[in-house]
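Step one of this worksheet: look at the structure below.
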Amino acid sequence: LASAHPDLPILLGVEPEGPDAGYGWIEPGEMIGKQMEVELSLVRRFWEKPDPRKAQALYLKGCLWNTLILVCQAERLLQMFKAYVPAVFRRFERIRRALGSVSEGRVLEEAYQRLTSVNFSKAILEKKVERLGVIPMKGVHWSDWGDPARILKSLTRWGLRPNPPV
């Protein structure tokens with residue numbers, strides 16, 4: 001599906017296990033491709049960590065958790081950065097020009113020291129929503145382990161118990 005739509009960055013969205021407000025959500029739109037049982041849809045809308053009531057509504061509507069796993073050509077990703085976060089793009093351009101030169105290490109270090117933090121979903125994906133695809137992953141356990149409770153939940157699901165701290 002990705003090779004059939006080379007200009008379309010495609011996100012993998014996972015079918016949610018519940019209405020978790022700690023995740024980003026994707027609402028799939030029009031289906032534009034299907035191979036075997038895998039469907040590719042355009043993204044209709046994003047919600048970045050909605051309130052619990054909205055998360056419940058999204059869950060009931062059949063929306064997906066945003067895994068932030070993106071399938072696209074590197075050039076397309078760079079174009080997205082250039083269009084929506086040009087300051088970050090300029091840092092990467094400096095790095096690209098210095099690759100293989102004697103100044104590569106210095107340029108890398110300077111670029112990363114001056115790089116500003118960017119919420120990729122809000123700064124880029126939400127602004128490009130009309131030209132993004134999503135493929136739902138069905139029957140897959142996925143968890144964003146940014147929260148210790150989610151790690152423990154996954155370990156319990158797999159029948160594992162963490163060792164107590166020493």
Notebook entry, point to check: Can you list the residues that meet the side-chain contact (heavy atoms from CB on, under 4.5 Å) rule with K82, with sequence neighbours excluded?
Noted result: F89

Check: Would R90 and E93 count as a salt bridge (charged side-chain N to carboxylate O under 4.0 Å, His left out) if you check the C-alpha gap in whole Å, the side-chain angles of each, and the deciding distance to 0.1 Å?
Finding: CA-CA 5 Å; R90 285 191 298 273; E93 272 298 295; over 6 Å; no

Check: Sequence neighbours excluded, which residues qualify as salt bridge (Lys or Arg N to Asp or Glu O under 4.0 Å) partners of K34?
Finding: E39

Margin query: Could you work out, with side chain to side chain donor-acceptor pair (under 3.5 Å) as the rule, every residue matching D7, not counting sequence neighbours?
Written below: R76

Distance-only donor-acceptor hits, side chain of residues 53-65, under 3.5 Å, sequence neighbours excluded:
from : atom 1 : to  : atom 2 : distance (Å)
K61  : NZ     : E27 : OE2    : 3.0

Notebook entry, point to check: Taking only residues two or more places apart in sequence or in another chain, which ones pass side-chain contact (heavy atoms from CB on, under 4.5 Å) with A2?
Noted result: I10, V71

Notebook entry, point to check: D144 and L68: side chain to side chain contact (heavy atoms under 4.5 Å, CB included), yes or no, with the steps?
Noted result: CA-CA 10 Å; D144 174 350; L68 268 179; over 6 Å; no

Next item on the list: For S143, check side chain to side chain donor-acceptor pair (under 3.5 Å) against everything at least two apart and list the hits.
Entry: Y23

Check residues 132-142 and write down every donor-acceptor pair under 3.5 Å in which the side-chain atom is one partner and the other belongs to a residue at least two apart or another chain.
from : atom 1 : to   : atom 2 : distance (Å)
H141 : ND1    : E17  : OE2    : 2.8
H141 : ND1    : R157 : NE     : 3.4
H141 : ND1    : R157 : NH1    : 3.2
H141 : NE2    : S154 : OG     : 3.1

Notebook entry, point to check: Under 4.5 Å between side-chain heavy atoms, hopping through other hydrophobics if needed: is there a path connecting W145 to I69?
Noted result: no

Next item on the list: Looking only at non-hydrogen atoms, find the nearest pair between P28 and R44 and report the distance.
Entry: O-NH1, 3.8 Å

Next item on the list: Give me the one residue out of L70, N119, V85 that meets side chain to side chain contact (heavy atoms under 4.5 Å, CB included) with I124.
Entry: V85

Check: What residues form a side chain to side chain donor-acceptor pair (under 3.5 Å) with S101, not counting sequence neighbours?
Finding: S103

Notebook entry, point to check: Once you round to the nearest 0.5 Å, how far does CG of L115 lie from CD1 of I95?
Noted result: 7.5 Å

Check: Which pairs with one or both residues in residues 102-123 pass ring-ring contact (aromatic ring centres under 6.0 Å, His included), sequence neighbours excluded?
Finding: F81-F120

Next item on the list: Please list, chain by chain and in numerical order, all residues satisfying salt bridge (Lys or Arg N to Asp or Glu O under 4.0 Å) with R150, sequence neighbours excluded.
Entry: D20

Checklist line | Transitive ILVMFWY side-chain link L42 to M80, under 4.5 Å | finding: no

Next item on the list: Quick one: which residue pairs count as a salt bridge (charged side-chain N to carboxylate O under 4.0 Å, His left out) with a foot in residues 109-118, not counting sequence neighbours?
Entry: R106-E110

Notebook entry, point to check: Going only through I, L, V, M, F, W and Y residues with side-chain contacts under 4.5 Å, is there a path from L99 to V102?
Noted result: no

Notebook entry, point to check: Can you name the residues that form a side-chain contact (heavy atoms from CB on, under 4.5 Å) with T116, not counting sequence neighbours?
Noted result: V88, V118

Item checked: Distance, nearest 0.5 Å, that separates CG of L11 from CD1 of I26 -> 4.5 Å

Next item on the list: Using the rule that two of Ile, Leu, Val, Met, Phe, Trp, Tyr join whenever any of their side-chain heavy atoms come within less than 4.5 Å, decide whether W47 and L125 are in one cluster.
Entry: no

Check: Roughly how far, to the nearest 0.5 Å, is the CD atom of E30 from the CG atom of L40?
Finding: 10.0 Å

Note to self: Grouping I, L, V, M, F, W and Y whenever their side-chain heavy atoms are under 4.5 Å apart, do F46 and L8 come out in a common cluster?
What the structure shows: no

